[in-house]
Amino acid sequence: MTKPRVYVTRRLPGSALDKLEEACCVDLNGEDTAPSKETLIENIRDKDALLCLLTDTIDAEVLAAAPSLKVISNYAVGVDNIDVNAATERGITVTNTPGVLTETTADLAWALLMAVARRIVEADRFTREGKFVGWSPTLFLGGDVHGKTLGIVGLGKIGQAMARRAKGFNMSIVYSDTMRASDAIEGDLGAQFVDLDTLLMQADFVSLHTPLLPETHHLIGERELRKMRPTAFLINSARGPIVDERALVRALKGKWIQGAAVDVFEGEPCLAPGLAGLTNVVLTPHMASASTETRSRMADMAVDNLLAALRGVKPEHVVNHETRQA
Ligand code: GLV
Ligand code: GLV
């Protein structure tokens with residue numbers, strides 16, 4: 001029996017690819033950068049499966065070039081890089097890596113929140129530059145975190161993990177979502193359901209945890225930023241286009257809000273003009289799930305999802321449940 005053919009768009013941490021190679025004929029992009037669209041199309045023509053990253057755009061044109069493709073395993077929880085509807089129409093199973101990255105992502109969102117509130121990055125730079133000449137009552141005043149109100153936009157797994165962290169800081173928690181959480185979840189987290197405008201007006205910290213969908217594109221724009229308190233902070237560890245990044249630059253410059261911490265960008269890897277020059281923003285390069293442990297668990301999960309689909313068993317983490325082919 002010939003082994004199924006798989007295209008893998010990047011080397012992954014851990015030993016998951018060894019396992020994949022035992023079962024499949026693997027064609028690996030050995031570069032440290034994403035394959036161009038042309039390269040991607042060239043390489044998936046004859047493949048049965050694709051293991052890809054969020055930097056690979058898998059649109060209808062790419063799918064049309066791969067008539068034997070049965071499964072797309074995305075090495076991410078978000079699948080906004082894939083035209084899932086087009087894949088579903090072609091009977092292609094799409095899988096992702098939820099759950100394993102929940103706590104690690106919330107850890108980074110929490111670190112961003114703390115860093116921007118207490119001006120850690122600015123202060124680090126100041127100290128390294130030899131500018132610390134003595135203790136002062138007004139040196140690097142920031143905002144308190146404990147006892148404040150956290151507004152969670154999207155109370156999914158990651159949003160809930162954020163709420164658990166906030167509980168330890170004695171914060172009040174409000175959240176908005178398309179669906180209200182169960183009484184049990186609300187009770188456990190002490191989280192109060194409000195509409196987005198109320199959340200924006202009440203929260204000292206607004207943290208985004210929704211997927212990127214047409215409905216969440218620019219969910220936070222000028223109108224929303226103007227509703228936030230002038231002492232509030234915005235944290236985005238979800239997806240760049242959920243925030244109108246140019247409006248965010250205006251908000252930070254105009255002091256409509258006190259600060260922001262951003263791990264994801266609208267035009268990744270580019271930043272909106274002016275963003276990098278501001279001191280009241282902490283910037284990280286889309287690294288929320290980047291712990292050694294989690295990135296290798298994600299690789300295991302992506303490989304397991306892919307192999308299950310090729311064997312005709314339903315993978316554990318299917319995004320397009322309506323596809324029956326697998
Ligand atoms: C990372 O951004 C992911 O979606 O896993
Ligand atoms: C989604 O599955 C999440 O981890 O929030």
Side-chain angles (χ1 to χ4, degrees), residues 8-14 16-17 32-34 50-59 71-84 87 93-113 152-162 165 177 207-220 234-243 245 248 260-271 282-306 315-320:
V8 179
T9 64
R10 208 79 64 85
R11 226 181 283 285
L12 300 180
L17 290 186
D32 281 332
T33 50
L50 171 67
L51 199 161
C52 61
L53 314 189
L54 56 90
T55 46
D56 302 310
T57 303
I58 313 300
D59 59 17
V71 52
I72 301 169
S73 172
N74 208 37
Y75 180 70
V77 62
V79 290
D80 44 281
N81 56 308
I82 300 170
D83 186 337
V84 176
T93 301
V94 179
T95 67
N96 67 343
T97 60
V100 282
L101 49 64
T102 301
E103 299 296 331
T104 303
T105 300
D107 281 348
L108 187 91
W110 194 260
L112 287 175
L113 182 156
I152 298 176
V153 181
L155 196 68
K157 290 193 192 72
I158 300 167
Q160 291 178 34
M162 198 65 180
R165 283 157 181 73
D177 207 321
S207 192
L208 307 179
H209 300 286
T210 66
L212 175 61
L213 301 166
E215 307 83 67
T216 59
H217 182 265
H218 283 193
L219 184 67
I220 306 296
L234 178 72
I235 294 99
N236 187 8
S237 59
R239 279 293 182 270
I242 298 170
V243 176
E245 207 171 298
L248 177 63
V262 187
D263 183 54
V264 285
F265 304 89
E266 267 203 89
E268 258 171 51
C270 299
L271 312 189
V282 173
L283 305 170
T284 51
H286 201 152
M287 54 178 247
S289 65
S291 74
T292 310
E293 299 92 329
T294 288
R295 284 285 168 86
S296 91
R297 275 190 224 114
M298 286 167 64
D300 292 338
M301 186 179 267
V303 165
D304 289 345
N305 285 336
L306 186 149
E316 213 176 327
H317 306 285
V318 180
V319 174
N320 51 350

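Counting starts at 1 for both ligands and their atoms, following the listed order. Since the structure is predicted, the reported quantities are computational estimates derived from the model, not experimental observations.
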Just wondering, do M162 and L113 contact through their side chains at under 4.5 Å, heavy atoms? yes

Is there at least one pair of N or O atoms, one from [X] and one from ligand 1, spaced under 3.5 Å apart?
X	answer
H286	yes
G78	yes
L101	no

Salt-bridge contact R239-E268 (side-chain N to carboxylate O under 4.0 Å): no

Specify the protein heavy atom at minimum distance from atom 4 (O) of ligand 1: its residue, its atom name, and the distance to 0.1 Å. R239 NH2, 2.7 Å

For atom 5 (O) of ligand 1, what's the nearest protein heavy-atom neighbour? Residue, atom name and distance, please. V77 N, 2.8 Å

Shortest non-hydrogen contact between G154 and H209, atoms and distance: O-CB, 3.4 Å

Between L306 and T95, does a side chain to side chain contact (heavy atoms under 4.5 Å, CB included) hold up when you go through it step by step? CA-CA 8 Å; L306 186 149; T95 67; 5.9 Å; no

For ligand 1, note which part of L54 has a heavy atom under 4.0 Å away: side chain, backbone, both or neither. side chain

Would you sort out whether D32 and R11 count as a salt bridge (charged side-chain N to carboxylate O under 4.0 Å, His left out), showing the intermediate values? CA-CA 8 Å; D32 281 332; R11 226 181 283 285; 5.3 Å; no

